[in-house]
Every structure is written in structure tokens, then in C-alpha cells.
Participant: 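Below is one structure. I have some questions about it.
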Amino acid sequence: MKIIERATGRTYKGKIEKLNLNDVKKLKNNDQFVFDWSKEARNEVYKLRIKGEDEILGLVSIINIPGEKRIHINLLEASKRNVGREKLFLNIAGILMAYIGRLAFTKRYNGFVSLQPKSALAEVYLKYGFRKVGLFLAIYNIAAIQLITKYLEDNGR
Amino acid sequence: MEDKDKILEDLRKKYSDEEIAEAYMIPATLSPEEAEKERQKLLAFRFKLLEEQSEEERIYSDVLMLKYQIEDYLENGVYIEEKSFGKFVEAYARILNRTKKKLAEDLSIHYTRLSHLIYCRTEPYLALIHRLEVHSGYLIPAICWWKLVVKKQEAYLLKDTATKQEEALKVSNAMKFSA
């Protein structure tokens, strides 16, 4: 996966890792994020960074629901430096969502990922390939594959 | 208690909704009754999708799963015998509900040869690697299959001190460097 620097177009190899419980708890009062990520300790939390560097560029909290063959994204946040027009890197949220889609394929969920965003923001996620299911948004099958190809596979950049 | 609505309100003072959605996924706040009603809608949708899944879709999805398993294993530094090239080919055949004999026919190789490959008695050759890529509908690239072979060779190279010593005896004029 390539992380793209907005100002220069340079790309960096990304790495996503699952945080253990202690790592999640240590995120309390992390001033790079507006949400208190220590509250996500009961969920699975993954971080995105540039390979070889420590700085966390983004976080995603998921709930695996095997009985429903889906992964639910509970919360996602790019670090403060990666928000808005002057963001440092372009594709943080896309990479994290695509990674969760990939994870949903490895669990034999056909890439099925759901989220339930604030209604004011819901329309914007449709561009990632999500579709509306009531107040939920869901992505699966071909749309999930397209998301994965776009954000995780280097020739899809 | 963290108020996600307050956080969103603060973010909206600085950023457009598009900019916020490009950087965050902030969950909606629903009452327990609303949440359960919405969950039931999603569940009905999800189970309908599963019921309607065709065999072709199932195979496609499972082959992709296999590809990701191979990629994750290649990313991990450690060689594992149970994750050899042969074992993945066997898993591939299982996903397709193909017998090894039928898969061998598809790949234009003798069944015995495929069997030897699966049980790691011989190593695959490049032509077969290309055929596997094509057979998977190009879902599993040749390079993935090939890297499985290389990963095994690397592991064996590192631990085979006997061969290293044996071959050292056949070398003359070896470079000598003082560190």
C-alpha cells in the first residue's frame, strides 16, 4: 500500500498493525487525535504508519461479528496532520477502510464491511463504494474488491 | 463522557463535511430501540445476500481469501512447512471442488507430478507457475506462487550447513577480507 504525500506526490510504503490492549490504553490523551481512543479498548484497533517510522497516521476500531459475517467499523480517524485541505497525506481513511475490507475477505465475509456514520456525513462515504442499508452503509463483493485494489494494491494507485 | 456530536460540531467549524468524511468515520448516536431496528434491517439484507450467493461468487471470494493468506504469509518473515507451495495448491484445489486429478488435467501436467509438488517431493517450474496464475483467473499472480517457492528455498539455504561445508571444499581462491 502506498501513502501519498499531498504536496509532492511522493509515496511511502504503509504498514497496518493491530494494537494490543496496552497500546490502545496508552492512546489516552494522545494529542494527535481528537477522539479518546483508549475508549475503543474493547474493540479491535488497527494503526497505519509509514514503514520504518513510528508516527501513527490513522486509527480504525472494528467489531468482528462472525454470526452476521460482517466487520463493523466503529470509529476511524486520521491524525490531525492528515485532515483538511493542508493534510500531509492524502489517502489515510481510504487505506484503512480498504484494509478492513481485505480483512473481511480473509474471514470469508465476501468483504462485507458496515458502518453507521453520522447522517450528515453518510453521503460522502458512498464514493468509497458503500451503499445505504437503512441508516447503515455497507460495502461487499465487487465494490469491496475495487476499494482494496484502489488503496492497497500498488498498481491501483 | 466523550460527546461525538460535540466533536463533530467542532470539526465542522474548521472543515467541510467532505473533508471530515475523508479523515473520520464518526458513528451515529441512536437510541437502543432505533439501533436494534436498524440492525435487524441490516441483518435481513446480509442474510439475503448470503442466500443469493452463487457458487461462482463463493469460489471468487474464497480464491481471493487464499490470495490474501498467501500475501500475509509472505509478508511474515518465518517459513512454515504447513504453508508450503504444495499446501496452498492443495487448498486452491479444495476451494474449486476440483480433485487433484482434474486440477492436473486443467494445468496440463501429469497427476503424479502434481501430487509430488503438493507433497513437496519436487519443486515447481516457472511454466506451471504461469499456468496457475491463468487458472486462477489471474486472481493469484504468478509472483505470489513463485515467492512461496523462494521462501522455502531461503529457509533451507539458511539451515543447510552440511551442504555449505561440502561445497566450500570445492572452492579455491576464495576472497579473504580483513574487517
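Naming convention: chains lettered A, B, ... in sequence-line order (proteins, then strands); numbering from 1 in each chain. Just so it is clear, the structure is predicted and the values come from calculations on it, not from any experiment.
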Participant: So which part of A:K107 gets closer than 4.5 Å to some heavy atom of chain B, the side chain, the backbone, both or neither?
Facilitator: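 A:K107 has no heavy atom closer than 4.5 Å to chain B.
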
Participant: Considering only heavy atoms and a distance below 4.5 Å, find which of B:K37, B:E57, B:Q53 pairs most often with chain A.
Facilitator: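 Result: the option with the highest number of such pairs is B:Q53.
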
Participant: Where does A:L135 contact chain B at under 4.5 Å (heavy atoms): side chain, backbone, both or neither?
Facilitator: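 Both parts, backbone and side chain.
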
Participant: Do A:E40 and A:N74 pair up side chain to side chain, a donor and an acceptor below 3.5 Å, judged on atom types alone?
Facilitator: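 Side-chain D/A pair, A:E40 to A:N74: present.
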
Participant: Is B:K151 positioned over the aromatic face of B:Y73, cation under 6.0 angstrom from the ring centre and no more than 45 degrees off axis?
Facilitator: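 Yes, a cation-pi geometry.
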
Participant: In terms of heavy-atom pairs under 4.5 Å with chain A, which of B:L8, B:T29, B:L49 leads?
Facilitator: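 If we count pairs closer than 4.5 Å to chain A, B:L49 comes out on top.
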
Participant: What residue in A:M97, A:K69, A:K87, A:K127 has the most heavy-atom pairs under 4.5 Å with chain B?
Facilitator: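 Most pairs with chain B among the choices: A:K69.
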
Participant: Which atoms of A:L90 come close to chain B, meaning under 4.5 Å heavy atom to heavy atom: side chain ones, backbone ones, both, or neither?
Facilitator: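 No part of it gets close to chain B.
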
Participant: Side chain, backbone, both or neither: which part of A:N110 has an atom under 4.5 Å from a heavy atom of chain B?
Facilitator: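 Both backbone and side chain of A:N110 come within 4.5 Å of chain B.
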
Participant: Restricting to non-hydrogen atoms, name the atom on A:M1 and the atom on A:L48 that form the minimum distance, rounded to 0.1 Å.
Facilitator: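 Closest pair (atom of A:M1, atom of A:L48, distance): SD-CD1, 3.9 Å.
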
Participant: Could you check whether atom NZ of B:K176 has more than 12 heavy atoms from other residues, nucleotides or ligands sitting under 6.0 Å from it?
Facilitator: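 Result for NZ/B:K176: open.
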
Participant: Among B:L43, B:I20, B:D10, B:L66, who wins on heavy-atom pairs under 4.5 Å with chain A?
Facilitator: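 Between B:L43, B:I20, B:D10, B:L66, the count favours B:L43.
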
Participant: Using a 4.5 angstrom heavy-atom cutoff, name the option from B:L42, B:D17, B:L30 with the most pairs to chain A.
Facilitator: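 Between B:L42, B:D17, B:L30, the count favours B:L42.
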
Participant: Which atoms of B:Y15 are under 4.5 Å from chain A, going by heavy atoms: the side chain, the backbone, both sets, or neither?
Facilitator: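 Only the side chain of B:Y15 comes within 4.5 Å of chain A.
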
Participant: With a 4.5 Å cut-off on heavy-atom pairs, point out which of B:R46, B:E19, B:K41, B:R39 contacts chain A the most.
Facilitator: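 Highest number of pairs under 4.5 Å: B:R46.
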
Participant: Specify which of A:L121, A:L76, A:I73, A:N91 makes the most heavy-atom pairs with chain B at under 4.5 Å.
Facilitator: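 Maximum pair count with chain B is reached by A:L76.
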
Participant: Side chain from CB out, backbone as N, CA, C, O: work out which of these in A:Y140 comes under 4.5 Å of a heavy atom of chain B, or both, or neither.
Facilitator: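 Side chain only.
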
Participant: Could you tell me which portion of A:K132 (side chain, backbone, both or neither) has an atom closer than 4.5 angstrom to a non-hydrogen atom of chain B?
Facilitator: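 Neither part.
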
Participant: Which atoms of A:S114 are under 4.5 Å from chain B, going by heavy atoms: the side chain, the backbone, both sets, or neither?
Facilitator: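 Side chain only.
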
